[in-house]
Amino acid sequence: MSLTASVTDTGYRGAANPAPTLVNAWNEWDPLEEVVVGRADGACFDPAEPGCRPQIRGPRQPGATFPAGTKPTEVTDRANEELDNLVAVLESLGVTVRRPDVLDFSRSLRTPTFEVPTQYCSVCPRDVVITLGNQILEATMSRRARFFEYLPYRKLIREYWNRDPRVSWTAAPKPSMADDMYREEFWEYTLDERFARMHDFEFCVGQEEPVFDAADITRMGRDLFVQESMTTNRPGIAWLRRELEPRGFRVHAVHFPLDFFPSHLDCTFVPLRPGLVLTNPDRPIRDDEAAFFVDNGWEFLDAPEASCSNDEMPKYCQSSRWLSMNLLSVTPDTVICERSEVDLHRMLRGRGFEVITVPFRNVYEFGGSLHCATWDVRRTGGPEDYFTIADHMIAADH
Ligand code: DAV
């Protein structure tokens with residue numbers, strides 16, 4: 001398919017129609033114009049469920065159990081302070097910032113197919129919703145406590161959809177999240193077993209119903225890369241392919257065999273600008289997939305060690321220390337990083353980036369860092385093709 005076809009199919013008008021589409025983002029790095037930043041109000045601890053077994057970080061304390069219910073107000077207030085500071089920084093850069101609504105996350109859910117004692121929070125829009133060209137796409141989600149997490153964003157989504165008739169809005173089919181959708185034995189495997197099965201890409205979600213979280217997708221122009229993970233399965237990627245390829249995108253599955261608990265691409269494979277991806281030295285991409293990037297002239301830049309170990313992450317944080325690389329690009333040469341990650345700052349400055357730093361560690365236990373806590377609604381720019389030299393991966397994964 002030619003680039004011209006994708007331009008027409010996706011509604012992007014380019015120079016022929018200078019009025020920018022209200023919703024427009026094709027990659028992770030183009031100049032940011034409008035963004036949604038999450039909020040911590042009313043957040044709950046992750047309840048245990050077939051798709052999530054929350055763990056306490058740090059030295060083992062006999063008898064300690066993971067807390068349940070609403071998080072303490074002081075914890076939420078500290079996270080909100082850092083989220084509000086991010087809003088102020090973005091506004092000072094001329095970016096329009098919007099905020100989600102708050103749900104009563106402490107309410108239990110009972111659907112025809114599952115029950116869960118509480119919901120989660122609206123800190124991480126990245127997991128729930130993604131801009132693909134002029135389209136807002138709501139993910140299926142993979143965990144019961146996050147089933148209704150699209151609701152805090154619906155007022156904003158309706159507003160964008162109402163204000164600009166070129167905006168398209170799609171919600172992926174909701175999975176049952178019934179017991180038989182999951183593979184609970186996943187949680188019992190020893191590390192040796194995980195090592196032995198690393199090329200199977202079978203995690204806690206089965207392969208019957210399409211399942212994906214939006215944060216398992218990363219955008220590089222007309223090419224989208226989607227990770228097989230605990231939160232995205234093969235039918236989920238097939239659904240994305242069938243939905244998006246008629247709109248001019250190419251959808252590629254990507255795999256990181258050494259990540260035994262993969263969930264969301266943005267601590268693993270983070271595009272910084274055309275031709276450059278920040279990669280995770282513990283989680284290399286599968287060789288055949290690496291070749292696709294290298295053959296197209298892309299470079300991988302391994303992130304330096306994170307500033308702390310997994311055990312030193314906040315006690316109730318379920319993400320790894322690699323939140324260090326979960327940065328937000330404001331332009332192709334300006335990034336916002338967490339304040340403590342000084343080795344990363346130095347490396348990126350050495351590569352010509354302007355690095356803005358903000359404190360964000362108090363947000364970590366709410367599901368992520370700067371990329372997770374944001375949803376870029378509009379960036380300038382259009383659907384470029386950054387993979388013009390070699391297309392062997394496209395042939396291989398169809
Ligand atoms: O490496 O723990 C966390 C991503 C959070 N949304 C990790 C991935």
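Being a predicted model, the structure only gives us computed values, none of them experimental. Both backbone and side-chain heavy atoms feed into the values below; hydrogens, waters and symmetry mates do not. Each ligand, and each atom within it, is numbered from 1 in the order the structure gives.
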- Sole candidate of Arg219, Arg379, Arg378 that passes side chain to side chain contact (heavy atoms under 4.5 Å, CB included) when paired with Thr131: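 Filter result, single survivor: Arg219.
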
- Message: Could you tell me, atom by atom, which parts of ligand 1 come under 4.0 Å of a heavy atom of Cys372?
- Response: 5 (C), 6 (N)

- Query: Looking at Ser319, which atoms of ligand 1 are within less than 4.0 Å of one of its heavy atoms?
  - Reply: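 The list of qualifying atoms is 2 (O), 3 (C), 5 (C).
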
- Message: I'd like to check which ligand 1 atoms, numbered from 1 as shown, lie under 4.0 Å from a non-hydrogen atom of Arg283.
- Response: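 Within the 4.0 Å cut-off of Arg283, ligand 1 contributes 1 (O), 7 (C).
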
- Arg339 NZ/CZ over Phe360 ring centroid, <6.0 Å and within 45° of normal: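 Arg339 over Phe360 ring: no.
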
- Consider every N or O of Gln318 and every N or O of ligand 1, then say whether any pair is closer than 3.5 Å.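 By distance alone, the answer is no.
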
- Flag for Asp311-Ser309: side-chain donor and acceptor within less than 3.5 Å: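 No.
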
- Is the Tyr386 to Trp26 ring centre distance short of 6.0 Å? no

- Message: Would His264 count as a polar contact of ligand 1, with the cut-off being nitrogen or oxygen pairs under 3.5 Å?
- Response: yes

- What is the closest protein heavy atom to atom 1 (O) of ligand 1, and at what distance does it sit?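 In this structure, atom 1 (O) of ligand 1 has Ser320 OG, 2.7 Å as its nearest protein heavy atom.
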
- Item | Polar contact flag, side-chain donor to acceptor under 3.5 angstrom, Thr331-Asp333 |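 Checked: Thr331/Asp333 side chains pair up, N/O donor to acceptor below 3.5 Å.
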
- Task: Check for a donor-acceptor pair, side chain of Asp164 on one end and backbone N or O of Thr21 on the other, with a separation under 3.5 Å.
- Result: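 Checked: no pair found.
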
- Message: What protein heavy atom lies closest to atom 4 (C) of ligand 1? Include the residue and the distance to one decimal.
- Response: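 Minimum-distance protein heavy atom for atom 4 (C) of ligand 1 reads Ser263 O, 3.6 Å.
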
- Looking at ligand 1, does Gly367 have a heavy atom less than 4.0 Å from it?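 Contact present.
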
- Item | Glu188 bridged to Arg53 by N-O distance under 4.0 Å |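 Here Glu188 pairs with Arg53 in a salt bridge, since their nearest N and O are under 4.0 Å apart.
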
- Quick one: look at Ala215 and ligand 1, take heavy-atom pairs under 4.0 Å, and tell me if it's side chain, backbone, both or neither.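 None of Ala215 does.
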
